[in-house]
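Input: a single structure, listed below in structure tokens.
Keep in mind that what you see is a predicted model, and the values were worked out from it rather than measured. Order of the sequence lines fixes the chain letters, A, B, ..., with proteins taken first and strands second; residue numbering starts at 1 for each chain.
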2 protein chains.
Amino acid sequence: MQEGFGHGCGCHAGRKTRWVEPSILYMLWEQPRHGYELMTDLPELGFVATQGDPGAIYRTLRHLEENGLVVSQWDTSGTGPAKRLYTITPLGIENLQLWAESLRQYKLALDAFLEKIDKIHQKQWSNDETGYTL
Amino acid sequence: MQEGFGHGCGCHAGRKTRWVEPSILYMLWEQPRHGYELMTDLPELGFVATQGDPGAIYRTLRHLEENGLVVSQWDTSGTGPAKRLYTITPLGIENLQLWAESLRQYKLALDAFLEKIDKIHQKQWSNDETGYTL
DNA sequence: CCATATATATGTTAATTACATATATAAGAT
DNA sequence: ATCTTATATATGTAATTAACATATATATGG
């Protein structure tokens, strides 16, 4: 099936853009962390909901490390199994700034679109040419 | 290869979220149009860049029609080959309003994230603990 | 020694993006 | 006549992301 929609009627209910990559970079820019910490703390960022999707975290971290945007070292202190402590690199910070720029551009487009889309309600209630109601 | 990135260094340069579906629904809410018109006019919306990607338009239109959000009729008037004229349905308008809501939620998260991410520049220039410069 | 919390990692499917190309009709130029 | 161009719709496919499920391993507490 090709849904990702909700009510079986084809209506929109849940496409998401989580921006996992810039979110992780930002958290690591604040301070070095390990994967599990990122997984639990990212939702607090208010931007990504990665709870129950640890795959997104660890795959992204490995991708970032392959490209030199973060580095990791094993941390055997503390309780529980060994953890990788990830640290952002200078290249990673540059990359995060690129993300910031492109997200700002993105915001401009989104704001413009929302302003247009706001007209729907107005017209819908004031001028019902179509003859159907919601 | 797994890039989609720019400089061969793994840095961000181009992930896009075009929101083709709500954009098409909005254009059809303004007035009935045919596919080619959508393809050429959508970039003016400032949100999607679908020039050179007609596939996105026609596949989305068929998907929308399958789910009853738009209907089409052949238009043989005018010059050139016959064209399908697409019209949004009441269900499509409801769907567009769902999109509007979720995009507004999305905007809130994006704004919050951008506010945080703005701190990068400040800290980078004022307090260079790391010892490297950009 | 068993359940639980911590921690990392892999696998799979679906959806979207991005790009390329195929098909067909009509108008205008040579 | 036919060649090029503009119009118009449609299909194919690879790459990326999202979404979900599951596997592996270590330490702690009962």
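The nearest whole Å value for the distance from the CZ atom in R59(A) to the P atom in dT13(C) is 13 Å. Rounded to an integer number of Å, the gap from NE2 of H63(A) to P of dA15(D) is 14 Å. Regarding W19(A), its CH2 atom lies at a distance of 10 Å from the P atom of dT17(C), rounded to whole Å. Straight-line distance from the CD1 atom of I57(B) to the P atom of dT7(D): 16 Å, rounded to whole Å. For the pair D75(B) CG and dT7(D) P, the computed distance is 16 Å after rounding to whole Å. Residue N67(A) contributes atom CG, which lies 14 Å from atom C1' of dT16(D) at whole-angstrom precision. Between Y58(A) atom OH and dA21(D) atom C1' the separation is 16 Å, expressed in whole Å. Computed from coordinates, the D53(B) CG to dA15(C) C1' distance equals 14 Å when rounded to whole Å.
Minimum interatomic distance between M27(B) and R33(B) (heavy atoms only, all atoms of both residues): O-NE, 3.1 Å.
Residues meeting the salt bridge (charged side-chain N to carboxylate O under 4.0 Å, His left out) test with R84(B), sequence neighbours left out: none. Legend: residues meeting side-chain contact (heavy atoms from CB on, under 4.5 Å) with M39(A), ordered by chain and number and at least two apart, are Y36(A), P54(A), I57(A).
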Would you tabulate the nitrogen or oxygen pairs shorter than 3.5 Å linking the protein to nucleotides 23-29 of chain D?
none

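Residue pairs meeting the salt bridge (charged side-chain N to carboxylate O under 4.0 Å, His left out) criterion with at least one partner in residues 44-63 of chain B, sequence neighbours excluded, are R18(B)-D53(B). Evaluation of the salt bridge (charged side-chain N to carboxylate O under 4.0 Å, His left out) test over residues 99-112 of chain B, restricted to residues two or more places apart or in two chains, returns K107(A)-D111(B), D111(A)-K107(B), D118(A)-R104(B), K107(B)-D111(B).
Y106(B) and L114(B) end up in the same hydrophobic cluster when Ile, Leu, Val, Met, Phe, Trp and Tyr side chains are linked at under 4.5 Å.
Here I93(A) contributes atom CD1 and L25(A) contributes atom CG; the two are 9.5 Å apart, rounded to the nearest 0.5 Å. Annotation: the span from Y86(B) atom OH to H34(B) atom NE2 amounts to 11.0 Å, rounded to 0.5 Å.
Taking every heavy atom of residues 33-42 of chain B and every atom of DNA chain D, pairs under 4.0 Å involve H34(B), G35(B), Y36(B), by number.
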Discussion item. Run K116(B) and L45(A) through side-chain contact (heavy atoms from CB on, under 4.5 Å) and show every step you take.
Written reply: CA-CA 9 Å; K116(B) 292 195 179 192; L45(A) 226 178; 3.9 Å; yes
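Residue contacts shown for R84(A) are limited to sugar-phosphate atoms, with no base heavy atom under 4.0 Å away.
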